[in-house]
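Take a look at the structure set out below.
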Amino acid sequence: MELSAKYSPNEIEGKWYSYWLEQRLFESKPDHRKPYTVVIPPPNVTGVLHMGHMLNNTIQDVLVRRARMKGFNACWVPGTDHASIATEAKVVKLLASQGIQKKDLSREDFLKHAWDWKEKYGGIILEQLKKLGSSCDWSRTRFTMEPSLYQAVVDVFVDLYQKGLIYRGTKMVNWDPEGLTTLSDEEVIFREQYDQLYYVKYEGVDFDGSLQVATARPETIAGDVAVCVHPEDERYQNWIGKKVRVPLINREVAIIADDYIDREFGTGVLKVTPAHDIHDYEIGQKFQLPIIDTLTEDGRISEAGARCIGMDRFEARKVWVEDLKAAGLLEKTEDYTHNVGFSERTDAVVEPRISTQWFLDMKKFMEKNPEVLSSVMSDEVRFFPEKLKNTYRHWMENVRDWNISRQLWWGHRIPAWYSPDGEFVVAATAEQAQAEFANKGKSIHVHDLVQDPDVLDTWFSSWLWPISVFDGIGANADRSELDYYYPTQDLVTGPDILFFWVARMIMAGYEFEGKKPFENVYFTGLIRDKQRRKMSKSLGNSPDALELIERFGADAVRMGLLLCAPAGNDILFDESQIEQGRNFCNKIWNAYRLVEMWEPVEVAQRPYEKEAGDWFEKRLNSALAENEHHFGQFRLSDALMNLYKLVWDDFCSVYLEAIKPAYGERISETAWNQARAYFATLVRALHPFMPFITEELHHALHEQKPSAACAVSDYPVVEVQVQNDALDPMAMVSEVRNLRAQKGISPKEALEICIFGDPDLLKGYGHMVSKMANCTAVWNPSDRPTGAASFLVGTLEVLVALGQSLDVEGEKERILQEMNRLKGFLKGVESKLNNEKFVANAQADVVERERQKQSDTLTKLKNLEGQLAALGS
RNA sequence: GGGAGCUUAGCUCAGUUGGUUUAGAGCAUCUGCCUUACAAGCAGAGGGUCGGGGGUUCGAAUCCCUCAGCUCCCA
């Protein structure tokens, strides 16, 4: 069969993915084996595959495939997240483009549209993950809003309410004026913004003169209910307790004093606007001040705002500034840089707003579940990279109550029921709510109960994911699978959802199962472009993930992403990395072509074949041993690089070249079989990283009849503990080749080299060295050749007779330089050895090593002196 | 403003409790090669006073102090 010189991934990837699915190799059922469980971070149901997903899922797939080959019962559970606010925003936008406003729709009609959208686009991303090669158990695909998972969320809410961990309260929350919903603290993204700081004059009522107040938000002046200074601020002592007039509004408000005030900021006078700032709100509470909410829910000026009513808050700011200026009340303006909160989903500027919402009491929760923090700090749950433990602790120690209600329709509806007079109970169903009311002595007809219109924060369902995908939570829990698969082993996710998701899964794990949800968390980096910019739609710097797979092949893309992706490090994406992956696939492919091309013959194994096999076997075993270590530390890019070099350098450039039959000869059957066996081992070691090409070659190398698919074959194990050679024979080969390059001697021209030193140093590799360097070696001849170029390999001295063509002066110069370098080195070594404190204090093996260095260097210097003398001085 | 972390070759990164032949890798670069597996290739080479300064130590990329620059998290 003629094989193309170029590897074509497109022809084989689809074939093997179908094969894996037909053989049901990714499906998992509880059995006698140890489980290895991974739950996918469920992508948004409306999402499409982007670079972040590819990285994340490639890492998961590497871990899962390796575990599967190692004989674990590997179970990778896929699924999607309903993504309440994100999906609702998309549906609203889609409807708007069709001329339909959400407010004109009933809840039922809107949800129908949303489900239609979900049916149409939901799961696209899962199909895309298959293109990447993800070995998920697709028969287990879950969705956070499917009936049983929905029910689990409702049951959990009721349970936590009954335990007193959930409460309904009125406080200042984050309000998204575009999404028209509250947000948790974690959904507010602070970004630095350049603004103006306005110095506004508040005229005295019962004193002459005025106070100057610095504010960035003049449009909220109508909500001012006081001005506040620091009690010890000498500038304002006389005015505390007096009154000023709110500019343009003319309301008289008191001058109060509180040590919250930062005297250095602005003029040291704060306008107190409790409805629109969390700190002002707290001061307002303390001084029992009224609250004047001057904004509407969509961020416009309300009736209470007195001026600019109905105008957008930022438009109103401009008008306010103009009017203040016109009235002579704006005294100065200065540039001002501060952090402004934006909605994670809609990017609208978030408003602090007083509102009645549902909260999870974090303080009580953590008191009840101290393991949530301690398990991470003690490495019961291990974080990779470890530094994120600090971030986690900081968050846990400062976290405020979790606002879990959202003013949306798409999501799990809050199971709270209100009687006509406004009282509420929490219950899973209306009937149970009715019973609850009856217990309280209230007889209410089911039809008169009104369910809370709000839904729950998306993360209030995803925090159950590692439990709920196994149907192990809620009133209808079935523990049979959960007991087998839980706790899961590894979680792979981005650091951006450490608080949103990882922390809360740990919370749910301990609260509902009394156990951690996973053993290890691997945090990937963010994918950035070459200029370190985040990938984003608006910048247009995000490559089309599927198109990359189409162009380069999934294996190449996976490799390109992994090569430079240590845990927690951002990935600077560059297409050249994917090219490197593609080139590697091509290299492997061509290695296969070479091996297949050979026609073995039944003769005794040749010495160079034997030596090359011995050499490669050592490399193979030490690389496999190193990789066990790398995987233990989740150092996937190191493990991959290790295999890359093993295949490209050691296997292809050295081993295959070494056993390659000379022109007109044929490889021995023994060597050929050995080469194919090594190749098959490499293929299996590479499989977790590059599943497609390895599956193809696995079948090819077993002549289409492997005992099992590569995906479920045995992961290569380390055969023997490797004893490193005293001298790498390839160092000798490189030096000879270097000499050829320097002297312009063709590789085709055979050389005779004289080696002085201990022949044992190259023992067992003589034939291989001869073949690779195209030379014959004479050991320790009695006569030194004249006119010889020389070099050192370790302590071995090598001479190559060049006769007339030798540049004697140049050679001398080179030797002198090398001697100088060695003398400097020797000086360093000897100053250590002559230092009594070193010899006395350093560990014995360290001292011994220095002695070895000394003697080796002296040998080298002696050799060089001999060479110099031989050249004539 | 509070906290965490980073700074090693042109680029991206390793560097294990301070000592492993006076710092390693991949990519990029340079030189020579169309050698019948692969030019998506082969062979070879060059390149860093480990951000600056100070200290501890027999010994510092590694520990401490300080200065400068950068990143992330939280408010």
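Every value quoted in this text rests on a predicted model; they were computed, and no experiment measured them. Labels below follow one simple rule: chain letters A, B, ... track the order of the sequence lines, proteins then strands, and each chain is numbered from 1. Values below: all heavy atoms of this structure, side chains included; hydrogens, waters and symmetry mates excluded.
Tyr392(A) and Phe383(A) have their aromatic ring centers within a separation under 6.0 angstrom.
A cation-pi arrangement is found for Lys171(A) relative to Phe359(A), the charged atom lying closer than 6.0 Å to the ring centre and inside a 45° cone about the ring normal.
The side chain of Phe825(A) lies closest to U22(B), out of U36(B), A40(B), U22(B). With G26(B), A40(B), G5(B) as the candidates, the nucleotide lying closest to the side chain of Gln580(A) is G26(B). The side chain of Arg635(A) has G15(B) as its nearest neighbour among U35(B), C73(B), G15(B). The Lys860(A) side chain lies nearest to U21(B) when the options are A37(B), U21(B), C73(B). For Lys645(A), taking side-chain heavy atoms from C-beta onward, the closest of the listed nucleotides G26(B), A40(B), C74(B) is G26(B). With U21(B), G5(B), A37(B) as the candidates, the nucleotide lying closest to the side chain of Asn590(A) is A37(B). Taking every side-chain heavy atom of Met597(A) into account, A37(B) is the closest of G19(B), U21(B), A37(B). Picking from G19(B), U12(B), C73(B) the nucleotide with the shortest atom distance to the side chain of Thr391(A) gives C73(B).
Using a 4.0 Å heavy-atom cutoff across all strands shown, Asn738(A) reaches sugar-phosphate atoms only and no base atom. Residue Ser746(A) is classed as having no contact, given no heavy-atom separation below 4.0 Å to the nucleic acid. Contacts of Arg582(A) with the nucleic acid, taken as non-hydrogen atoms under 4.0 Å apart, include base atoms. Nucleic acid contact class of Trp648(A) (heavy atoms, under 4.0 Å, all strands): sugar-phosphate only. Heavy atoms of Asn398(A) sit nowhere under 4.0 angstrom from any nucleic acid atom. Using a 4.0 Å heavy-atom criterion, one finds that Gly828(A) contacts no nucleic acid atom at all.
Remark: the separation of the C1' atoms in C30(B) and A23(B) is 23 Å, to the nearest Å. Look at the C1' atom in both G26(B) and C67(B): the space between them is 34 Å, to the nearest Å.
The pair Lys645(A)-Asp650(A) does not count as a salt bridge, with every side-chain nitrogen at least 4.0 angstrom from each carboxylate oxygen.
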For residues 838-850 of chain A, which side-chain N or O atoms pair as donor and acceptor with protein atoms under 3.5 Å away, sequence neighbours left out?
{"residue": "Asn841(A)", "atom": "ND2", "partner": "Lys837(A)", "partner atom": "O", "Å": "3.1"}
{"residue": "Glu850(A)", "atom": "OE2", "partner": "Lys853(A)", "partner atom": "NZ", "Å": "2.9"}

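If you check distances only, the side chain of Lys832(A) never reaches the base of C58(B) with a donor-acceptor pair under 3.5 Å.
The backbone N or O of Ala639(A) lies less than 3.5 Å from a partner atom in the side chain of Asn627(A), making a donor-acceptor pair.
With hydrogens and angles left out, the side-chain atoms of Gln852(A) and Asp856(A) include a donor and acceptor closer than 3.5 Å. At a cut-off of 3.5 Å, with distance as the only test, a side-chain donor of Ser576(A) or Asp574(A) sits close to an acceptor on the other residue.
Phosphate proximity of A43(B) to Ser653(A): present, with a side-chain N or O under 4.0 Å from OP1 or OP2. A sub-4.0 Å separation between OP1 or OP2 of C73(B) and a side-chain N or O of Asn390(A) is absent. One finds no side-chain N or O of Trp589(A) lying less than 4.0 angstrom from the OP1 or OP2 phosphate oxygen of G41(B).
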I'd like a table of atom pairs between the protein and nucleotides 69-71 of chain B - only N or O on both sides, under 3.5 Å - with the distance next to each one.
none

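Judged by closest nucleotide on RNA chain B, Gly824(A) is the one of Gly824(A) and Tyr7(A) placed further toward the 5' end. For the pair Arg849(A) and Asn339(A), both in contact range of RNA chain B, the more 5′-proximal nearest nucleotide belongs to Arg849(A).
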